[in-house]
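Heads up, the thing below is written out as structure tokens.
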Amino acid sequence: MMSTYLETLDKAIVEDKASRKNKGIVIERKNEKRELYTLFGPLQFSRTYFYDKKYKEYSYLLDEVVGLEKYDRISGTVAVNLVEHASQYSYAKSSKNVTSGEISRQTVMKKIRALNELKIENTAGKRTVKILHIDADEDHVALQDGSNTMVPLISIHEGVVRNGKRGQCINTHHISSYGKKTEELWLETVNWIYDTYEVDAIERIYLHGDGAAWIKEGLNWIPKVKFVLDKYHLNKSILQATGSQPEKRKEIHKAIKNADKVLFEKITKEVIVNAAGESEITRIKDFKKYILNNWQGIKIYSEEACGGSGTEGHVSHVLSSRLSSRPMGWSKKGLRAMAELRAYSSSGGKVTLKHLKKEHKISYTLTKRVASKVNKSLSLIHISEPTRPY
């Protein structure tokens, strides 16, 4: 049925001489074969090759009319399914799940890289909240050249709701990419906040992170914001600094919890004195500098109800599970595309045909008269039900 429809449509375009003549489009060759893999299996059909005298270009007008890209071997629906699967699984496994391995992993990769801008539009109207949270962290990913790189993740949410011991962030929206400037990421974050929330009603925005320079850059972009050093990285830094002196951890925790800078400096001085060697002294001094540089982000815990963060959980769920949990090396282009796809999908976005790029302009538009003619021709075709053996 699909093959018959396409060939009937191509015939109607051929017979539409008046419209083609006005555009300077003439027939070059007929009965050119094409095969396309669909959800129902391989589809084969013939069509006509045309020449556009005005633009001096060759094209298959049928392909343009029905939205088939040049050299594409798969239908749009198959492409969408492959992309959605590839956001969770490897390219090879995605091909196996969707097409039983009929399509190469390179084809899946190309579809990922050819995605248009993935953006979730706010159609429900602006929300009103008093407190907003931003968790910022990064995943460390291996590249194909053997080096490691950093992929940032910004997660905007309205706080955490507890379900037993587990916590879940409310209305989370993720932003990620690779190779973008820090300013671009924070500008995208600001735009999302202004498009989604009544900013005048927001009393405070808490930016949770490990204190990295790219994270603190957000303080220059976000309104009504205060930085909070997230407890995961805080505790991790204490463990690393007191590796050979674990008895000092309780005192350091107490000083930090009470925001007692004098006591903290006193204890770290004692830890330095008792250090075993230069490498340990350097590590403790770096820890002390890290804590003092982020003191306001620590002190805020005793001053405001800034809540906790889910930085590590977000990174694990959105990025690490696909980018770094398995031994693989990414190209820079593939890494950027996959990071953006993971953030989009994890925010509730769905990949559709509109996200697949079109490579060529349309030089011929099907008129209502020609479309009606095709529909009339198809309505005359009788498809008998196959005989069922008893």
Side-chain angles (χ1 to χ4, degrees), residues 116-138 152-163 167-177 180-234 259 293-315 317-319 339-340 342-350 354:
N116 281 313
E117 182 182 9
L118 298 171
K119 184 178 180 180
I120 297 178
E121 301 290 343
N122 177 26
T123 59
K126 294 187 178 183
R127 297 198 290 271
T128 301
V129 297
K130 291 184 177 181
I131 305 296
L132 202 60
H133 298 267
I134 301 175
D135 297 343
D137 203 355
E138 66 271 347
L153 176 67
I154 298 172
S155 303
I156 310 161
H157 61 91
E158 299 167 13
V160 179
V161 59
R162 291 290 172 185
N163 184 10
Q168 183 175 355
C169 294
I170 304 168
N171 293 326
T172 309
H173 178 77
H174 303 287
I175 295 172
S176 184
S177 187
K180 277 188 178 182
K181 293 181 179 180
T182 301
E183 293 83 356
E184 291 182 76
L185 291 171
W186 286 116
L187 179 58
E188 187 176 344
T189 302
V190 171
N191 288 337
W192 169 260
I193 291 173
Y194 274 88
D195 290 342
T196 308
Y197 297 97
E198 294 289 353
V199 176
D200 290 341
I202 297 175
E203 296 178 0
R204 178 66 62 212
I205 298 177
Y206 293 108
L207 173 57
H208 305 263
D210 63 2
W214 79 267
I215 295 175
K216 284 192 171 181
E217 174 65 23
L219 299 174
N220 300 323
W221 293 82
I222 309 299
K224 307 176 183 180
V225 66
K226 284 190 177 182
F227 175 71
V228 181
L229 184 66
D230 78 85
K231 291 183 178 180
Y232 172 83
H233 290 96
L234 174 59
N293 285 344
N294 291 287
W295 190 255
Q296 288 303 317
I298 296 171
K299 188 179 178 183
I300 195 172
Y301 281 108
S302 61
E303 296 176 338
E304 302 180 28
C306 55
S309 69
T311 53
E312 284 300 304
H314 292 315
V315 168
H317 171 67
V318 179
L319 298 182
E340 292 177 357
R342 288 289 301 173
Y344 176 75
S345 300
S346 299
S347 300
K350 298 293 182 182
K354 72 177 183 180

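- Counting heavy-atom neighbours within 6.0 Å of K181 NZ, excluding the residue itself, gives a total of 12 or less.
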* Should H174 and S155 be marked as a side-chain hydrogen bond (donor to acceptor under 3.5 Å, both in side chains) after you check the CA-CA gap, both sets of side-chain angles, and the distance that decides it? -> CA-CA 4 Å; H174 303 287; S155 303; 2.8 Å; yes

Query - Candidate pair I193 and L132, rule side-chain contact (heavy atoms from CB on, under 4.5 Å), full reasoning - result: CA-CA 9 Å; I193 291 173; L132 202 60; 4.1 Å; yes

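- The OG1 atom of T172 sits 8.0 Å away from atom CG of D135, with the distance rounded to the nearest 0.5 Å.
- C306 approaches Y301 most closely through the heavy-atom pair SG-CD2, 3.7 Å.
- One side chain, E340 or S177, offers a donor N or O that lies under 3.5 Å from an acceptor on the other.
- Distance check, rounded to the nearest 0.5 Å: CD1 of I205 to NZ of K130 gives 15.5 Å.
- Rounded to the nearest 0.5 Å, atoms OH (Y232) and OG (S309) are 11.0 Å apart.
- N294 places no side-chain N or O within donor-acceptor distance of the main-chain N or O of G297, the cut-off being under 3.5 Å.
- Remark: E198 CD to R127 CZ distance equals 11.5 Å, nearest 0.5 Å.
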* For N191 and L187, run side-chain contact (heavy atoms from CB on, under 4.5 Å): C-alpha distance rounded to whole Å, both residues' side-chain angles, the deciding distance at 0.1 Å, then the answer. => CA-CA 6 Å; N191 288 337; L187 179 58; 3.9 Å; yes

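- Put simply, the side chain of K224 never gets that close to the backbone of Y206: no donor and acceptor are under 3.5 Å apart.
- Among all heavy-atom pairs drawn from S176 and L319, the shortest one is OG-CD2, 3.8 Å.
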Handout entry: Derivation of the side-chain contact (heavy atoms from CB on, under 4.5 Å) call for Q296 and K226
Key = CA-CA 9 Å; Q296 288 303 317; K226 284 190 177 182; over 6 Å; no

(request) Check the pair W192, E188 against side-chain hydrogen bond (donor to acceptor under 3.5 Å, both in side chains), reporting the backbone distance first and the verdict last. (result) CA-CA 6 Å; W192 169 260; E188 187 176 344; over 6 Å; no

Report task. Show your working on side-chain hydrogen bond (donor to acceptor under 3.5 Å, both in side chains) between W221 and E183 and close with a plain yes or no. Result -> CA-CA 8 Å; W221 293 82; E183 293 83 356; 6.0 Å; no

Going through the distances and angles, do Y197 and V129 end up as a side-chain contact (heavy atoms from CB on, under 4.5 Å)? CA-CA 7 Å; Y197 297 97; V129 297; 3.8 Å; yes

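- Note that CD1 of I298 is 8.5 Å distant from CZ of F227, once rounded to the nearest 0.5 Å.
- Between I156 atom CD1 and C169 atom SG the span is 12.0 Å, to the nearest 0.5 Å.
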As a quick check of understanding, evaluate ring pair (Phe, Tyr, Trp, His ring centres under 6.0 Å) for H157 and H173, giving each step before the final call.
CA-CA 7 Å; H157 61 91; H173 178 77; over 10 Å; no

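- Within a 6.0 Å sphere centred on CD of Q168, other residues, nucleotides and ligands contribute 12 heavy atoms or fewer.
- Only one option out of I202, L207, N220, I134 pairs with V225 in a side chain to side chain contact (heavy atoms under 4.5 Å, CB included); it is L207.
- Within a 6.0 Å radius of NZ in K119, other residues, nucleotides and ligands contribute 12 heavy atoms or fewer.
- Because its NZ or CZ atom is not both nearer than 6.0 Å to the ring centre of Y344 and within 45° of the ring axis, K350 does not count as a cation-pi partner of that residue.
- Counting only distance, with no hydrogens or angles, the side chain of R342 and the backbone of V318 share a donor-acceptor pair below 3.5 Å.
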